[in-house]
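First the proteins, then the strands, lettered A, B, ... as listed; each starts at 1.
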Amino acid sequence: MIKKEEVKKVAELARLELSDKEIEGYQKDLSAILDYIEILKKVNVSGVEPTSHPNEPVNVMREDVSRGRAKDDRLIDLAPDKKERYVKVKAVFK
Amino acid sequence: MKEKDFTIVEAHKGLKNKEFSAVELCESYFKKIRKKDKDVSAFLNVTEKEALSDARKADEVIARNKDFPLLAGIPCAIKDNILVEGVKCTAASKMLENYVAPYDATVVRKLKKEGAVIIGKTNMDEFAMGTSTENSAFFPTKNPYDLTRVAGGSSGGPAASVAVDECVYSLGSDTGGSIRLPSSFCGVAGLKPTYGSVSRYGLIAFGSSFDQIGPMAKTVEDVQAVFDIIKGRDPFDATSVDFKEGDSKVDIKKLKIGVPKEYFQKGIDKKIEEKVKEAIKKYEDMGAKVVEISLPHTGISLAVYYIISPSEASANLARYDGIRYGYSNRDGGDLMDIYFKSKGKGFGPEVRRRIILGTYALSSGYYDAYYLRAQKVRTLVKKDFEDAFKKVDVIMCPVSPVLPFKLGEKTEDPLAMYLADVYTVSLNLAGLPGLSLPAGEADGLPVGLQIIGNSFEDKKILEVGKLLNG
């Protein structure tokens with residue numbers, strides 16, 4: 001059974017705010033799912049390479065040439081907080 | 001104009017013979033949506049203005065040319081995790097409730113080039129995480145065959161809208177079965193293409209090594225017509241591949257069909273088993289040879305998927321931090337508060353569940369035991385199929401172990417919901433193409449047959465699929 005502290009720690013890593021009730025709920029769900037996943041431990045994987053992609057991953061390159069600047073501000077328009085053509089962020093350092 | 005349920009081929013003929021214009025066709029579909037969608041709830045957004053503009057452009061092309069593209073003037077619906085420029089794209093989440101797409105997905109650009117008419121954005125499970133479309137932050141989509149039952153997920157909206165003819169075809173996405181399962185539940189045809197055959201540029205990412213966009217339509221012929229337009233290598237998607245289609249002619253008398261014994265051992269509804277076996281028998285009657293095969297890692301595929309996909313999702317969803325776009329919660333004091341509260345309030349429960357599971361599986365101390373181990377077992381799943389395709393040409397099996405279930409039936413137990421993916425996830429692990437096509441009904445509910453092909457043999461499984469109801 002995964003501990004409450006572990007759920008809290010993981011939520012912190014994921015920058016996810018959870019209420020105490022939600023933490024309890026996810027603790028139960030996660031424990032059930034992780035119990036199910038235990039069957040993975042029984043498989044013999046010695047000498048088996050991991051697969052990260054169905055096809056052989058190949059680096060895809062292109063010429064390092066600029067395609068020019070954006071013609072309009074639609075990306076900036078999507079930002080919740082902005083000033084002129086800048087996206088505003090609260091202070092990173094205190 | 002005469003109201004009927006059009007296939008792409010039929011609608012194209014009608015436009016060519018000037019029986020109706022693209023604008024008239026488009027308006028007839030708006031009428032159908034207005035009549036039926038209050039029951040089915042397939043659409044999140046009906047884009048009347050844009051669709052009519054598309055239709056007028058198509059009418060100009062049709063007026064000037066004797067021959068015009070097959071998809072010109074034909075109304076389609078797009079799953080709301082695929083970007084259509086200038087239109088809201090929500091991924092059925094409060095996180096993106098007011099997000100307006102700044103560009104077209106490559107597949108949308110390709111459809112528009114043909115003169116397609118995009119009639120609206122359809123409902124889905126939030127961020128494509130789900131098997132029933134009950135995880136949509138807005139409302140569930142109902143099964144057209146029984147409105148008390150689910151349409152399946154996560155492409156429930158695309159499937160249901162095609163089934164009730166609110167559009168002629170739609171685009172969905174499939175990460176663990178999300179095109180194939182709702183196609184089966186709604187009695188339509190749907191293709192999850194080989195990984196890399198269709199560009200993911202403009203698809204809101206969930207599991208980057210699994211996601212594929214695919215067509216859904218009333219017939220396999222229509223699915224093939226759309227696939228032929230959207231497929232192809234895209235310089236904007238580094239995982240998309242230039243592929244050769246190989247031998248397209250299918251000689252049914254030389255076809256070897258593999259039937260995996262593990263798929264019929266336990267947990268499957270007997271009525272589904274019966275219908276699927278009936279469909280396979282039809283191929284046998286046509287002259288094909290049916291061979292029993294073994295896919296030994298079938299039972300474990302679900303566990304592999306439910307470690308790797310949440311892990312990839314936890315990385316892909318980190319971007320929704322309330323800074324550059326999307327829901328931003330400014331209740332708290334500092335930058336950290338924005339992150340915590342935007343994610344805490346913007347994401348629904350299933351999305352949060354998977355982010356936590358994925359972050360846990362990737363975190364220090366657990367990475368080797370869960371994520372890395374799952375990646376190794378993924379190799380074994382892939383090898384099962386490689387070995388099978390040495391003996392057979394295609395594999396046939398069920399899409400779902402259960403008939404469309406009642407709304408609310410599985411929502412209390414996430415694991416029970418995950419188990420519905422048991423026949424679909426292994427294809428996403430191996431990157432193989434899978435076609436779901438209607439194979440009849442049981443208890444008045446649709447049953448789908450799944451045809452699995454080898455890598456980049458999408459055309460072969462489509463050709464085989466066309467033979468079933470033709």
Side-chain angles (χ1 to χ4, degrees), chain A residues 2 6-7 9-19 22-23 25-27 29-30 32-62 70 72 74-81 87-94, chain B residues 99-100 102 194-196 209 235 238-239 241 297 299-300 302-304 306-307 314 318 321-328 330 334-336 338-341 343-345 347 349 352-353 355-357 359-360 363 369-370 372-380 382 414-415 418 429-432 455:
Chain A
I2 180 177
E6 289 188 290
V7 179
K9 179 172 146 237
V10 167
E12 224 178 276
L13 287 172
R15 302 291 187 251
L16 207 50
E17 183 175 82
L18 299 176
S19 69
E22 286 167 335
I23 291 176
Y26 288 128
Q27 189 189 359
D29 290 342
L30 245 66
I33 297 167
L34 291 171
D35 281 346
Y36 177 78
I37 306 251
E38 283 295 302
I39 52 173
L40 281 178
K41 299 213 168 122
K42 300 203 185 91
V43 184
N44 182 0
V45 293
S46 62
V48 180
E49 283 300 303
T51 293
S52 64
H53 256 84
N55 305 319
E56 199 60 44
V58 167
N59 271 332
V60 178
M61 314 290 267
R62 68 171 174 88
D72 56 41
R74 73 186 83 163
L75 289 180
I76 300 168
D77 290 342
L78 289 167
D81 197 5
V87 175
K88 272 177 75 179
V89 183
K90 289 208 173 170
V92 176
F93 301 110
K94 295 226 178 90
Chain B
Y99 177 76
V100 176
T194 303
Y195 182 86
S209 79
T239 61
V241 171
H297 294 89
I300 207 158
L302 210 58
V304 174
Y306 276 105
I307 283 291
S314 70
D321 55 9
I323 303 296
R324 288 158 299 158
Y325 41 72
Y327 173 75
S328 185
R330 306 260 153 171
D334 60 16
L335 184 61
M336 261 315 189
I338 295 180
Y339 296 157
F340 276 91
K341 289 179 195 299
K343 291 179 183 216
K345 292 255 160 12
F347 288 137
R352 279 178 284 154
R353 186 175 292 121
I355 291 174
I356 291 171
L357 179 56
T359 308
Y360 180 82
S363 63
Y370 289 113
L372 186 58
R373 178 164 267 272
Q375 296 280 46
K376 291 181 179 178
V377 182
R378 184 177 182 178
T379 304
L380 298 176
K382 200 160 178 249
L415 198 53
Y418 296 171
L429 298 178
L432 299 175
S455 252

Working to the nearest 0.5 Å, report the span between CZ of A:F93 and CG of B:D334. 13.5 Å
B:P349 versus chain A, heavy atoms under 4.5 Å apart: side chain, backbone, both or neither? both
Take a 6.0 Å sphere around NZ of A:K90 and say whether it holds more than 12 heavy atoms from other residues, nucleotides or ligands. yes
Does any backbone or side-chain atom of A:R62 lie under 4.5 Å from a heavy atom of chain B? Answer side chain, backbone, both or neither. neither
Checking A:V60 against chain B: side chain, backbone, both or neither under 4.5 Å from a heavy atom? side chain
Distance from B:I307 atom CD1 to A:L34 atom CG, nearest 0.5 Å? 6.0 Å
Proximal component of B:L357, with respect to chain A [non-hydrogen, under 4.5 Å]: both
Given that the side chain runs from C-beta out, which part of A:A91 has a heavy atom under 4.5 Å from chain B: side chain, backbone, both or neither? backbone
Between B:R324, B:R373, B:K382, who has the most heavy-atom pairs with chain A when the cutoff is under 4.5 Å? B:R373
Select one option (side chain, backbone, both, neither) describing which atoms of B:A238 are under 4.5 Å from chain A's heavy atoms. both
Under a 4.5 Å heavy-atom cutoff, which of B:Y360, B:Y370, B:F347 has the most pairs with chain A? B:Y360
Among B:M336, B:K376, B:K343, which has the most heavy-atom pairs under 4.5 Å with chain A? B:K376
For B:V241, which atoms come within 4.5 Å of any heavy atom of chain A: side chain, backbone, both, or neither? side chain
List, one per line, each side-chain donor-acceptor pair under 3.5 Å for residues 43-54 of chain A, sequence neighbours excluded.
residue	atom	partner	partner atom	Å
A:N44	OD1	A:S46	N	3.1
A:N44	OD1	A:S46	OG	3.0
A:T51	OG1	B:T379	OG1	2.6
A:H53	NE2	B:Y195	OH	3.3

Select one option (side chain, backbone, both, neither) describing which atoms of A:I37 are under 4.5 Å from chain B's heavy atoms. both
Heavy-atom pairs under 4.5 Å with chain A: which of B:P235, B:A374, B:S363, B:G344 has the most? B:G344
To the nearest 0.5 Å, what is the distance between NZ on B:K341 and CG on A:L16? 12.0 Å
Please classify the contact of B:Y327 with chain A as side chain, backbone, both or neither, using a heavy-atom distance under 4.5 Å. neither
Select, from A:D72, A:N55, A:V7, A:L75, the one with the greatest count of heavy-atom pairs under 4.5 Å involving chain B. A:N55
Of all of A:N59, A:L30, A:I76, which one pairs up most often with chain B through heavy atoms under 4.5 Å apart? A:L30
Heavy-atom distance under 4.5 Å to chain B: side chain of A:L18, backbone, both or neither? side chain
Turns out that what part of B:L432 lies under 4.5 Å from chain A's heavy atoms comes down to neither
Among B:L372, B:I323, B:T239, B:L429, which residue has the highest count of heavy-atom pairs closer than 4.5 Å to chain A? B:I323
A:E22, part contacting chain B, at a heavy-atom distance under 4.5 Å: side chain
So, the part of B:P102 with a heavy atom under 4.5 Å from chain A: the answer is both
Pair count under 4.5 Å, heavy atoms only, with chain B: among A:L13, A:I39, A:D77, highest is A:I39
List in chain and number order the residues that pass ring-ring contact (aromatic ring centres under 6.0 Å, His included) with B:Y418, two or more places apart in sequence or in another chain; answer none if no residue qualifies. B:Y306
Measure across A:D81 and B:R330 and return the closest heavy-atom pair with its distance rounded to 0.1 Å. OD2-NH1, 3.4 Å
Chain B contact via A:I2 - side chain, backbone, both or neither, heavy atoms under 4.5 Å: side chain
